[in-house]
2 protein chains.
Amino acid sequence: MSLPATQLQEVHERFAAFLKDRGQRRTPERFAVLDALYDTPDHVDADTLYLRLKNDGVRVSRATVYNTLDLLLESDLAARHQWGQNQAKYERAWAYWQHDHLICLDCGEILEFCDPRLQEIQETVADLYGFEVARHALTIYGHCRRENCPTRPETTE
Amino acid sequence: MSLPATQLQEVHERFAAFLKDRGQRRTPERFAVLDALYDTPDHVDADTLYLRLKNDGVRVSRATVYNTLDLLLESDLAARHQWGQNQAKYERAWAYWQHDHLICLDCGEILEFCDPRLQEIQETVADLYGFEVARHALTIYGHCRRENCPTRPETTE
DNA sequence: ATAACTGCAAAACATTTGCATACAG
DNA sequence: CTGTATGCAAATGTTTTGCAGTTAT
């Protein structure tokens, strides 16, 4: 579930350095949010993270959770995905680099994959349009063919 | 700006067929929303579409705009993008097929591109995970290098 | 005729903001 | 000490919903 202690420490140090660099405080709340996110193997929304922290006896407000998540995004320690039309999902993004997502439209299952051709596409596009590429987000939607996919569409056949 | 009349008619017919097929009514409001979307060469949010219609003297409510946009999505006549964390953007998706987006993080400019390797990636992934792929969404974020990019970050150099 | 659709305004929901208080540096 | 961060609750902004009245079929 969680990352090995060495990597967790690396992440802490990176966040601390980022904050120091910007003249921002290293508060216990911020590290609590960082830890809660890195304790999550998949994708969480801000409110779930808030509730989880609260439940664990950590006193943080929703405002701080949102604020900290923004800082984590800016420091490349987190990634945000806007899959539904409402809640954003967050995931840890350090020691866990570049991957993309495959989502089942029936059951919502989210799989991760990585394809080197995306790197090539990025380079081609960067060249073609004179862009300096920062990152990309690819999501493939489809239907998983598992028997236990809970929401199979009305099987017409 | 707008599509040639023949294609617009094709789109109308397709929407009419879709609605008929589902036993839903072909109301003037629905076609007004369809036309307003297809009159947009780029990406619009629902509220802008609503205001534009209202301004053109078409009596539609926001609720109908949202409802109709959903129908257009379901009939593959429109595509939705969730780029910011708030407003969704819509674009026409017929006679204008499969393309992806390149967004400048500084000025927000949105470019479109198409790369055949994405098709290959989709196929590989479909194979690998036993998915039947429906569609994909790829967005590349970066910095356009235009001199007139209005929000160049503080050029440190 | 009659079920589906519409407009309107209120509700819902995630996220942001303002301000008095707390605390890291 | 001082300015930055925090918690709380109220505000915001987008999308959804309920309902009485309309309208396509």
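Chain letters run A, B, ... following the sequence lines, proteins first, then strands; residues in each count from 1. Note that these values count all heavy atoms, side chains included, but never hydrogens, waters or copies made by symmetry.
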Reading nucleotides 19-25 of chain C from 5' to 3' and marking B where a protein heavy atom lies under 4.0 Å of the base, S where only the sugar-phosphate is that close, and - otherwise, the string is ----BBS
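Salt bridge absent: B/E91 and B/R80 never bring a charged side-chain N and a carboxylate O closer than 4.0 Å.
Nearest heavy atoms, A/A32 versus A/V58: CB-CG1, 3.9 Å.
The distance from the NE2 atom of A/H12 to the CG atom of A/D35 is 3.5 Å, given to the nearest 0.5 Å.
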Dump every N/O contact between nucleotides 8-11 of chain C and the protein below 3.5 Å, one line per pair.
{"residue": "C/dC8", "atom": "OP1", "partner": "B/R59", "partner atom": "NH2", "Å": "3.1"}

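The nearest heavy atom of DNA chain C to B/L19 and to A/A46 marks one nucleotide each, and the one closer to the 5' end goes with B/L19.
An OP1 or OP2 oxygen of C/dT15 is reached within less than 4.0 angstrom by no side-chain nitrogen or oxygen of B/Q85. Close to C/dT15, at under 4.0 Å from its OP1 or OP2, lies a side-chain N or O of A/Y66. At D/dA5, none of the side-chain N or O atoms of A/N67 fall inside 4.0 Å of OP1 or OP2 (strictly under the cut-off). Between B/R30 and the phosphate of C/dT6, there is a side-chain N or O to OP1/OP2 separation shorter than 4.0 Å.
Here B/I121 is tied into one hydrophobic group with A/L102, A/L111, A/F113, A/L118, A/I121, A/V125, A/L128, A/Y129, A/F131, A/V133, A/L138, A/I140, B/L102, B/L111, B/F113, B/L118, B/V125, B/L128, B/Y129, B/F131, B/V133, B/L138, B/I140, each link being a pair of ILVMFWY side chains closer than 4.5 Å.
A straight line from CG of B/L51 to C1' of D/dT15 spans 15 Å, rounded to a whole angstrom. Summarising the geometry, the separation between NZ on B/K20 and C1' on D/dA24 is reported as 13 Å, rounded to the nearest angstrom. Atoms NZ (A/K54) and P (D/dG7) sit 11 Å apart, rounded to a whole Å. Atom-to-atom, CG of A/L73 to P of C/dT15 comes out at 12 Å; the value is rounded to the nearest Å.
Evaluation of the salt bridge (charged side-chain N to carboxylate O under 4.0 Å, His left out) test over residues 55-65 of chain A, restricted to residues two or more places apart or in two chains, returns A/D47-A/R62. Applying the side-chain hydrogen bond (donor to acceptor under 3.5 Å, both in side chains) test to pairs two or more places apart or on separate chains, those with a residue in residues 64-73 of chain B are B/S61-B/T64.
Rounded to 10 degrees, the angle separating the terminal helix axes of the helix from C/dA1-D/dT25 to C/dG25-D/dC1, each built from five base pairs, is 40°.
Using modelled atom types, one finds no donor on one side chain facing an acceptor on the other under 3.5 Å when comparing A/R92 with A/Y38.
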For a side-chain hydrogen bond (donor to acceptor under 3.5 Å, both in side chains) check, start with the C-alpha distance between A/R135 and A/Q98, then their side-chain angles and the critical distance, and finish with the verdict.
CA-CA 9 Å; A/R135 64 174 200 275; A/Q98 218 20 299; over 6 Å; no
